[in-house]
Amino acid sequence: MEVLFDELADAGDIGVVDLLVEHRPAVAAVASRAALVGGTLAILIRWELLTPARDVVSELTQYNTLFSMHGLIMIFGAITLLMWRGALGV
């Protein structure tokens with residue numbers, strides 16, 4: 001296994017070694033995009049709660065789905081990745 005990594009590093013190509021070493025920019029990019037999507041969903045949730053009429057979603061199940069998507073994306077897509085990135089000392 002070590003021979004394979006050495007061969008990839010000597011070849012100068014972007015290979016497995018580069019992806020294993022330089023993962024921090026990818027983590028930051030994914031976490032920031034997840035935070036953007038989760039934040040947009042949060043705005044939609046607050047927009048729906050602004051008035052008593054159903055403005056954004058037409059059914060209660062759609063609202064529940066929107067709420068669940070927001071929570072899952074923010075926890076697993078943004079917060080967990082940013083905490084993991086911070087644990088790496090970056």
Side-chain angles (χ1 to χ4, degrees):
M1 186 68 115
E2 189 135 343
V3 174
L4 177 65
F5 287 158
D6 290 338
E7 289 175 5
L8 285 173
D10 291 339
D13 295 333
I14 296 176
V16 177
V17 173
D18 294 329
L19 292 177
L20 289 175
V21 173
E22 295 300 326
H23 61 279
R24 291 181 295 252
V27 169
V30 170
S32 63
R33 287 183 177 103
L36 184 66
V37 171
T40 303
L41 292 174
I43 290 171
L44 290 174
I45 291 169
R46 292 178 189 274
W47 187 10
E48 179 65 32
L49 294 175
L50 187 63
T51 60
R54 291 188 177 133
D55 297 334
V56 178
V57 294
S58 59
E59 295 181 16
L60 186 59
T61 56
Q62 291 176 346
Y63 177 77
N64 289 339
T65 304
L66 186 70
F67 195 84
S68 298
M69 285 174 37
H70 162 72
L72 288 172
I73 289 172
M74 289 303 283
I75 289 173
F76 294 112
I79 296 171
T80 304
L81 289 178
L82 289 175
M83 288 175 60
W84 181 62
R85 186 171 184 246
L88 295 175
V90 177

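Heavy-atom basis, side chains included; hydrogens, waters and symmetry copies ignored.
Put simply, CG on L44 and CG on L49 are 11.0 Å apart, with the number rounded to the nearest 0.5 Å. Atom CG of L66 sits about 4.5 Å away from atom CD1 of I45, to the nearest 0.5 Å. Separating the CG atom in L50 from the CD1 atom in I43 is a distance of 12.5 Å, to the nearest 0.5 Å. R33 contributes atom CZ, which lies 12.5 Å from atom CG of L81 (distance to the nearest 0.5 angstrom).
The minimum heavy-atom distance linking V57 with Q62 is given by the pair CB-OE1, 3.7 Å. Smallest separation of non-hydrogen atoms from A34 and M74: O-SD, 4.2 Å. Listed here is the closest heavy atom pair of A78 and A31: CB-O, 3.9 Å.
At a threshold of 4.5 Å between side-chain heavy atoms, the hydrophobic network of Ile, Leu, Val, Met, Phe, Trp and Tyr places L72 and I75 in one connected group.
Two residues are said to be in side-chain contact when any heavy atoms from C-beta on lie closer than 4.5 Å; M83 and I79 meet this criterion.
Environment of CZ in F67: sparse, with no more than 12 heavy atoms of neighbouring residues, nucleotides or ligands closer than 6.0 Å.
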